[in-house]
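What follows is a single structure, written as structure tokens, with notes after it.
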Amino acid sequence: MNDILSRFLPRIEFNSYEDFYENYTCNVPDDFNFAYDVVDEWARLQPEKLAILWTDDTRIVKTCTFAEIKRLSDKAANALLALGVKKGDVVKLILKQRAEVWILMCALCKIGAICIPGTYQLTAKDLEYRCNIAGVKILITVDDESVLGSIALARHNCPKLEKVAVVGTDIPDDFIDMRAEIDKADENFCRMQTQTKDPMLVYFSSGTTGMPKMVLHNHSLPLGHIVTAKYWQCVRDNHVHLTQTDSGWAKFAWGKIYGQWICGAAIGVYDTEKFTPAGMLDAIQRLRPYSFCAPATVFRYLIKEDLPHYDFSFIHHTSVAGEPLSPEVYNKFLEMTGLQIREGFGQSETSVMAAVFKWLSVKPGSMGKPSPLFDLKLLDENGIECDEGIVGNMSIKRAGKNMYENEDCAPEENPPVIGGSDFPGIFRGYWKDGDVTRKCWNNGIYQTGDMAWKDDDGYLWFVGRNDDVIKCSGYRIGPFEVESALMEHPSVLECAVTAAPDQTRGQVVKATIVLSRGYDPSDDLVRELQNHVKRVTAPYKYPRIIEFVNELPKTISGKIQRMEIRKKDFKG
């Protein structure tokens, strides 16, 4: 039995989805701290247990045990304390997938400091906004020339940013060598007092509308991701799990640290400087993961490669999240590899909210059924639960205790929030933005803004963000169903379906398309794609406008920004 997992789950195995949904519970101690109670405990119980299996584009492979993670995170915690970091301070990390990501996230957890991961794609303007609104005290980054340049431009406009440290060899004169600081630090570290309700982690939202918001999690988040790792990704004790994502994305928390280590899995790491399908496939051959998870974009690119040429016999479970996966991509990957892809759905604000859990049959295109952590309902604009087949707002009705025992005593910049240490897997509010927090938590119900419908088997089907739904001549058209139809055509590599203005109909469906290799834009191809959609789905949903582009606008987390396409069209 997994000695760590059994401490938090009174019952680990279930006979069916219904059994799982009705009877899953998780014990949440008042002083839970992931670094002490999971990482350090693995180091005590099984010091040589594999924690990380790492590779990069040079094809080198490195390993790290839990004993090494404990020793290095203790040294890193002492190094951070020496640099002036204390409990409650904010530290930003931009570390790609260097081993220091895991070491420093554990170290910050031990201190009780707040970690804000960030992607290496942030510009100087992005960094300035994030550092100032969050009050970042220290920024720790990789020695990437572009990132260092952006930091240099932003640094003098960030008055609360006291220090910048670098992981690597190319270190500017006025920056700190973080590896040297860790190396010289004492490896003896005494446990510091933290509480489960203390703030631990902040992710900036994708920012599809307005400025990015700060999604605040406390120390209970890792326990919420037990459901993510064990029952959806199906990670296995002493086996490698690979989720492909940059450390700056919330998908890192989903797939590369918390639930996986609680379940005893080793983290597979492909630290690439630039994603290519061939590089990803070669890395998979080196890491040989038991379970594999990736965004839909990765699978869209992989099916264009010669997949039968590669060995996938070691992979026993495959999953996808971040964006819906079209049935065409699912079916093609299954045909080429023999592997089913099990979809999961959630947000930066949550752990997995719904998924094709291990007991469920796959319905290609469906996100599966709700997680037992959340009382997930589809609600209409009046807050009434929708009947089967009716599109509604995905909403969480269950709420725990407040993070602060007395709401009146909560600091103004930390507004009262919903959820508590007894309710793992959901955010505590939008940090320093009480108005937005109260707006999304309407009468104790968290409204995600994501629209879906439920079939007569209880499976959920994603329609789109509330703002993405197209209203054309009285019809409500979800972009995903049109995108799925387009993806079945061999000429389409990626696409985004949005509303475009029309004097007669108000709005019409527009498709912005990136073509596959070997295809060129033409009027004939436009007509072929329109007719294809009419055959595959209801004819009224076909795109009356088709635009071919070289790339789609995306957030720094890789999600397609349909809003940017809409803004351009409606301005015109």
Side-chain angles (χ1 to χ4, degrees), residues 202-218 221 224 227 250 254 321-324 344-355 367-403 407 415-420 423-454 458-471 476 478-480 499 555 557 559 561-563 566:
V202 169
Y203 278 108
F204 278 86
S205 69
S206 296
T208 53
T209 57
M211 295 302 289
K213 302 180 290 291
M214 293 187 290
V215 179
L216 176 66
H217 290 281
N218 69 17
L221 175 67
V227 171
W254 277 52
E323 282 195 304
F345 177 84
Q347 301 178 319
S348 302
E349 289 86 344
T350 68
S351 57
V352 68
M353 292 167 57
M367 67 178 77
K369 295 186 179 184
S371 161
L373 286 177
F374 310 118
D375 187 13
L376 182 63
K377 305 294 183 184
L378 302 181
L379 304 181
D380 66 17
E381 57 271 18
N382 297 314
I384 307 300
E385 188 170 355
C386 297
D387 292 332
E388 293 169 358
I390 304 300
V391 174
N393 192 326
M394 297 181 68
S395 305
I396 293 174
K397 297 186 71 173
R398 182 188 301 155
K401 295 182 294 185
N402 281 330
M403 178 176 169
E407 289 189 11
V417 292
I418 306 300
F423 187 36
I426 192 165
F427 76 128
R428 273 43 200 169
Y430 295 111
W431 196 31
K432 304 185 182 183
D433 200 332
D435 290 341
V436 174
T437 298
R438 283 182 280 270
K439 183 177 180 181
C440 76
W441 282 97
N442 187 6
N443 294 321
I445 298 172
Y446 170 49
Q447 297 177 320
T448 68
D450 289 301
M451 310 300 288
W453 60 276
K454 181 171 66 175
Y459 281 69
L460 298 169
W461 299 79
F462 184 74
V463 173
R465 291 289 297 172
N466 189 30
D467 292 341
D468 290 335
V469 174
I470 303 160
K471 305 171 182 68
R476 288 170 61 87
F480 177 59
T555 68
S557 63
K559 294 181 181 179
Q561 284 187 304
R562 295 176 184 84
M563 180 190 70
R566 287 200 308 271

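Numbering starts at 1 and runs along the sequence shown. Bear in mind that the values here come from a model prediction, so they are computed numbers and not experimental data.
The side-chain contact (heavy atoms from CB on, under 4.5 Å) test applied to D387 returns I390, not counting sequence neighbours. Contacts of D450 classified as side chain to side chain donor-acceptor pair (under 3.5 Å), with partners at least two apart in sequence or in another chain: Q347, R465. Legend: residues meeting salt bridge (Lys or Arg N to Asp or Glu O under 4.0 Å) with K454, ordered by chain and number and at least two apart, are absent. Shown here are the side chain to side chain donor-acceptor pair (under 3.5 Å) partners of W461, two or more places apart in sequence or in another chain: D455. With sequence neighbours left out, the ring-ring contact (aromatic ring centres under 6.0 Å, His included) criterion links Y446 to F427, W441.
Going from atom CG of L379 over to atom CD1 of I445 covers 5.5 Å, rounded to the nearest 0.5 Å. To the nearest 0.5 Å, atoms CG (D380) and CD (E385) are separated by 10.0 Å. Here the straight-line distance linking atom CZ of R566 with atom CD of Q561 works out to 10.5 Å at 0.5 Å rounding. The CG atom of L216 lies 11.5 Å from the CD atom of E349; values are rounded to the nearest 0.5 Å. Atom-to-atom distance recorded for Y459:OH and M367:CE is 13.0 Å, nearest 0.5 angstrom.
In this structure, S205 contributes its side chain and K213 its backbone to a donor-acceptor pair below 3.5 Å. Between the side chain of N393 and the backbone N or O of S395 there is no donor-acceptor pair closer than 3.5 Å. Between the T448 side chain and the M394 main chain, a donor and an acceptor come within less than 3.5 Å of each other. Under the 3.5 Å distance criterion, the side-chain polar atoms of W431 are left unmatched by any main-chain donor or acceptor of H217. Looking at T437, its side chain does come within 3.5 Å of a backbone N or O of Y430 through a donor-acceptor pair.
The two atoms that bring W254 and A321 nearest to each other are CZ3-CB, 4.4 Å, heavy atoms only. Between P479 and R562, the closest heavy-atom pair is CB-NE, 4.2 Å. Across every non-hydrogen atom of P424 and G224, the tightest pair is CB-N, 3.6 Å. Looking at every heavy atom in both residues, A452 comes nearest to F462 through CB-CA, 4.2 Å. The heavy-atom pair separating G425 from F374 by the smallest distance is O-CZ, 3.4 Å.
Side-chain contact between L373 and I426: absent, with no pair of heavy atoms (C-beta onward) separated by less than 4.5 Å. By the 4.5 Å heavy-atom criterion applied to side chains, L460 and P370 are counted as neighbours.
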